[in-house]
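This report concerns only the one structure given below.
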There are 2 protein chains.
Amino acid sequence: MLIRIDPASPAPLFEQVAASVRRAIADGGVAPGDRLPGARDLAASLDLNVHTVLRGYQLLREEGLIELRRGRGAVVVADGGRRGRLQEVVRALVVEARRLGVSTDELVTLVTKEMG
Amino acid sequence: MLIRIDPASPAPLFEQVAASVRRAIADGGVAPGDRLPGARDLAASLDLNVHTVLRGYQLLREEGLIELRRGRGAVVVADGGRRGRLQEVVRALVVEARRLGVSTDELVTLVTKEMG
DNA sequence: ACCTATTTGTCCGTATGTATG
DNA sequence: CCATACATACGGACAAATAGG
């Protein structure tokens, strides 16, 4: 579970924490069911405040990537066939865009901006 | 713009703040374009910490109900039309993409292909 | 059933950064 | 240039849920 932070980066620290975990999950470095390091432990090892780590974790929870429970910590969510779900959402998006007469370029811009 | 808080309620204070504003918007007490009270002012009048109010405001921003900008404060979003709906779908898409570790490029490709 | 340690959740306080007007 | 107001990060305290003995 490799998590690294660049204090010089313009990206907020809590966002870097979340991004780091996201990547670890995507890479398979951590599997569904695995437990992430406790917020205090991770904060100590990264030399961050507990709140900063916790905020990153809570971001991931809102995205549905992890579960957070008191006394138990952060656990990576079991991820079923979500690839199909992504296609569904893409289709829904295109339907909505067409209805509004939004061009492909405009739509791509919207999506890109939201991805950050 | 009537916002009240019950310190005895089990609901978190920041959630009560958000709920209060939500209701005000729904009731028409505040119209799109209206500015909400500054976080510090509201915190003072409710006898809360600035962070608590700000957290409530940020919740509302994530829901797309208000805009928060430095130096300007919190403004109720002009919504109504479908444009907001499109934005919602874009957000949902991005959340799903992140969950899967799909890159911006990959996502753009998917969307572009679906647009034809 | 009880107690204790662990771990996140909320809230407060303070300081500094940064976009807006 | 300056005042305003949100954004991030640090710190500390206590509450509440969970797990284990």
Side-chain angles (χ1 to χ4, degrees), chain A residues 1 3-22 25 30 33-78 113-114 116, chain B residues 1 3-21 25 30 33-78:
Chain A
M1 180 68 211
I3 298 190
R4 255 189 282 106
I5 294 303
D6 175 15
S9 164
L13 299 176
F14 72 88
E15 182 58 60
Q16 292 187 47
V17 170
S20 204
V21 176
R22 257 184 236 118
I25 294 177
V30 287
D34 284 359
R35 192 180 168 284
L36 298 181
R40 275 169 186 77
D41 294 347
L42 185 55
S45 80
L46 294 178
D47 196 31
L48 296 179
N49 191 278
V50 191
H51 292 126
T52 307
V53 173
L54 232 19
R55 188 167 171 189
Y57 277 9
Q58 284 168 358
L59 207 59
L60 295 169
R61 178 183 50 187
E62 282 167 27
E63 294 168 9
L65 278 174
I66 67 175
E67 270 186 11
L68 284 177
R69 314 255 308 253
R70 289 167 174 163
R72 239 180 17 131
V75 177
V76 177
V77 149
K113 194 170 299 183
E114 189 72 22
Chain B
M1 181 66 212
I3 298 189
R4 254 188 284 110
I5 295 301
D6 175 15
S9 164
L13 300 176
F14 71 87
E15 184 55 60
Q16 292 187 48
V17 170
S20 204
V21 175
I25 293 177
V30 287
D34 283 1
R35 192 179 169 285
L36 298 181
R40 274 166 188 78
D41 294 347
L42 184 55
S45 81
L46 293 177
D47 197 30
L48 296 179
N49 190 279
V50 192
H51 292 319
T52 308
V53 172
L54 233 18
R55 188 166 172 190
Y57 276 10
Q58 284 167 358
L59 206 63
L60 295 169
R61 178 183 49 187
E62 282 165 27
E63 294 169 9
L65 280 174
I66 68 175
E67 268 186 13
L68 284 177
R69 315 258 303 255
R70 292 166 171 158
R72 230 180 27 129
V75 177
V76 177
V77 153

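Chain letters run A, B, ... following the sequence lines, proteins first and then strands; every chain starts at 1.
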Check nucleotides 17-21 of chain C against the protein and report each pair of N or O atoms closer than 3.5 Å, with its distance, or say if there are none.
residue : atom : partner : partner atom : Å
C:dT18  : O3'  : B:Arg70 : NH1          : 3.4
C:dT20  : OP1  : B:Arg69 : NH2          : 3.4
C:dT20  : O4'  : B:Arg70 : O            : 2.7

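When every heavy atom of B:Gln16 is checked against every heavy atom of B:Ile5, the shortest pair comes out as CB-CD1, 3.6 Å. Here the closest non-hydrogen pair linking B:Arg4 and B:Ser20 is N-OG, 3.5 Å. Contact detail for A:Val75 and A:Gly33: the closest heavy-atom pair is CG1-O, 3.6 Å.
Using a 4.0 Å cutoff on non-hydrogen atoms, the parts of residues 48-56 of chain A near DNA chain D are A:Leu48, A:Asn49, A:His51, A:Thr52, A:Arg55, ordered by number. Residues from residues 10-20 of chain B with heavy atoms under 4.0 angstrom of DNA chain C, sorted by number: B:Pro12, B:Leu13, B:Phe14.
A straight line from CG of A:Asp41 to C1' of C:dA5 spans 13 Å, rounded to a whole angstrom. Distance, A:Leu59 CG to C:dG9 P: 13 Å, rounded to whole Å.
Distance CG/A:Leu68 to CG/A:Leu60: 8.0 Å, rounded to 0.5 Å.
Scanning DNA chain D 5' to 3' for nucleotides with an atom closer than 4.0 angstrom to a non-hydrogen atom of chain B gives a first and last hit of D:dT4 to D:dA9.
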Enumerate donor-acceptor pairs with a distance under 3.5 Å from any side-chain N or O in residues 35-58 of chain B to protein atoms, sequence neighbours excluded.
residue : atom : partner : partner atom : Å
B:Arg35 : NE   : B:Arg72 : O            : 2.8
B:Ser45 : OG   : B:Leu42 : O            : 3.1
B:Asn49 : OD1  : B:His51 : N            : 2.9
B:Tyr57 : OH   : B:Pro37 : O            : 2.7

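Residues passing the salt bridge (charged side-chain N to carboxylate O under 4.0 Å, His left out) test with A:Glu15, sequence neighbours excluded: A:Arg22.
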